[in-house]
Number of protein chains: 2
Amino acid sequence: MSVGTHKVPGMSLHLGAVTVDCADPQGLARFWTAVLGVEVDADYGEYVFLTKPSEAAAGLGFQRVPEERAGKNRLHLDLMTDDRAAEVDRVVGLGAKEIGEHEVPGLAWTVLEDPEGNVFCIGQHEH
Amino acid sequence: MSVGTHKVPGMSLHLGAVTVDCADPQGLARFWTAVLGVEVDADYGEYVFLTKPSEAAAGLGFQRVPEERAGKNRLHLDLMTDDRAAEVDRVVGLGAKEIGEHEVPGLAWTVLEDPEGNVFCIGQHEH
């Protein structure tokens with residue numbers, strides 16, 4: 001049995017959150033709460049954590065770090081929607097910057113940057 | 001009304017996945033499927049996507065990029081568990097490297113690196 005292709009009995013590990021290093025946790029939290037329709041769950045000054053849309057969903061946290069971003073992020077968030085055009089317009093209105101569009105069979109997505117330049121995507125399945 | 005502190009009516013955007021830039025998507029997928037107890041959902045060669053433990057959970061994808069990682073990741077994954085010691089031992093056995101431990105009231109976490117040096121945390125709430 002390969003542990004890579006089967007559920008591991010008793011395994012109890014799940015993705016609880018993604019933490020984003022940033023210069024302005026409160027500012028980035030304002031943007032992302034508006035984007036995702038969630039709220040600030042806890043603001044510790046150096047660290048802000050957002051509420052999750054459901055218990056099984058991964059949350060977002062923002063922690064202040066002194067260093068600036070070095071090049072493209074190695075990890076990025078992929079948001080999904082049923083109305084890509086409307087959601088791209090909405091998040092651009094909130095302060096995102098549109099970078100480009102891509103398409104493969106069954107999926108189209110827009111690449112954007114948040115107010116601190118973190119790349120993220122808004123994708124939509126196409127039928 | 002502040003859109004940052006209320007649900008946005010009709011808003012239809014959720015975190016579907018986190019994509020990780022890497023040198024070896026298949027290798028990293030083997031590690032992360034074992035860590036999370038999920039399977040490879042689709043392997044497109046340059047891009048590997050894992051199954052999600054539930055519909056509401058965020059998935060993980062791995063895409064091959066030519067460039068190496070430049071310094072610490074700006075975004076990192078926070079995994080949660082009810083048995084941190086056992087899970088840290090388990091993922092170290094799978095190829096993770098333990099970096100350090102931290103604690104604040106109510107939460108303790110271990111910092112690790114995956115086989116390509118991407119930092120992630122395993123946390124546990126303390127009562």
Side-chain angles (χ1 to χ4, degrees), chain A residues 2-22 29-40 44 53-61 65 67 69-83 86-87 90-91 94 104 118 121-123, chain B residues 2-22 29-40 44 53-61 65 67 69-83 86-87 90-91 94 104 118 121-123:
Chain A
S2 158
V3 294
T5 54
H6 294 269
K7 284 265 181 192
V8 180
M11 201 275 306
S12 67
L13 209 52
H14 70 279
L15 178 59
V18 178
T19 297
V20 181
D21 291 358
C22 62
R30 267 193 301 278
F31 172 79
W32 281 100
T33 50
V35 166
L36 295 172
V38 296
E39 303 177 21
V40 169
Y44 301 103
S54 70
E55 183 55 36
L60 277 181
V65 297
E67 69 272 15
R69 197 164 44 84
K72 184 194 171 200
N73 288 351
R74 196 76 172 171
L75 276 70
H76 73 256
L77 305 178
D78 288 307
L79 311 183
M80 294 301 295
T81 182
D82 292 326
D83 190 345
E87 290 297 330
R90 190 177 67 82
V91 303
L94 293 169
V104 293
N118 298 303
C121 297
I122 294 180
Chain B
S2 156
V3 293
T5 54
H6 293 269
K7 283 265 180 191
V8 180
M11 201 274 308
S12 69
L13 209 51
H14 69 278
L15 177 59
V18 178
T19 297
V20 181
D21 291 359
C22 63
R30 266 193 301 278
F31 172 78
W32 281 100
T33 50
V35 166
L36 295 172
V38 297
E39 303 178 22
V40 169
Y44 300 104
S54 70
E55 183 55 37
L60 276 182
V65 297
E67 70 271 16
R69 195 164 45 85
K72 184 193 170 199
N73 288 352
R74 196 75 171 169
L75 277 69
H76 73 257
L77 305 179
D78 287 307
L79 311 182
M80 294 300 295
T81 181
D82 292 326
D83 190 345
E87 290 298 332
R90 190 176 68 82
V91 303
L94 293 169
V104 294
N118 299 302
C121 297
I122 294 181

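No hydrogens, no waters, no symmetry mates; every other heavy atom, side chains included, goes into these values. Quick note on labels: first sequence line is chain A, next is B, and so on, each numbered from 1. The model shown is predicted, which means the values in this text are computed figures rather than measured ones.
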Item to check | side chain to side chain donor-acceptor pair (under 3.5 Å) between B:D82 and A:S12, worked out | outcome: CA-CA 7 Å; B:D82 292 326; A:S12 67; 5.5 Å; no
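- Smallest separation of non-hydrogen atoms from A:H76 and B:L75: CA-CD2, 4.4 Å.
- Neither the backbone nor the side chain of A:E55 comes within contact range of chain B; no heavy atoms are under 4.5 Å apart.
- No side-chain heavy atom of B:E87 sits less than 4.5 Å from a side-chain heavy atom of B:L79.
- Per-residue heavy-atom pair counts under 4.5 Å with chain B were compared for A:D83, A:L60, A:L77, and the maximum is reached by A:L77.
- The nearest pair of heavy atoms linking A:D21 to B:N73 is OD2-O, 3.7 Å.
- When every heavy atom of A:R90 is checked against every heavy atom of B:L13, the shortest pair comes out as NH2-CD2, 3.8 Å.
- Options A:R74, A:R69, A:M80 differ in how many heavy-atom pairs under 4.5 Å they form with chain B, and the most are formed by A:R74.
- Of all the listed residues (B:L15, B:V18, B:T19, B:V65), the one sharing the greatest number of non-hydrogen pairs under 4.5 Å with chain A is B:T19.
- Residue contact with chain A, scored on non-hydrogen atoms closer than 4.5 Å, involves the side chain of B:S54 exclusively.
- Between chain B and the residues A:A58, A:A17, A:C121, the most heavy-atom pairs under 4.5 angstrom are made by A:A17.
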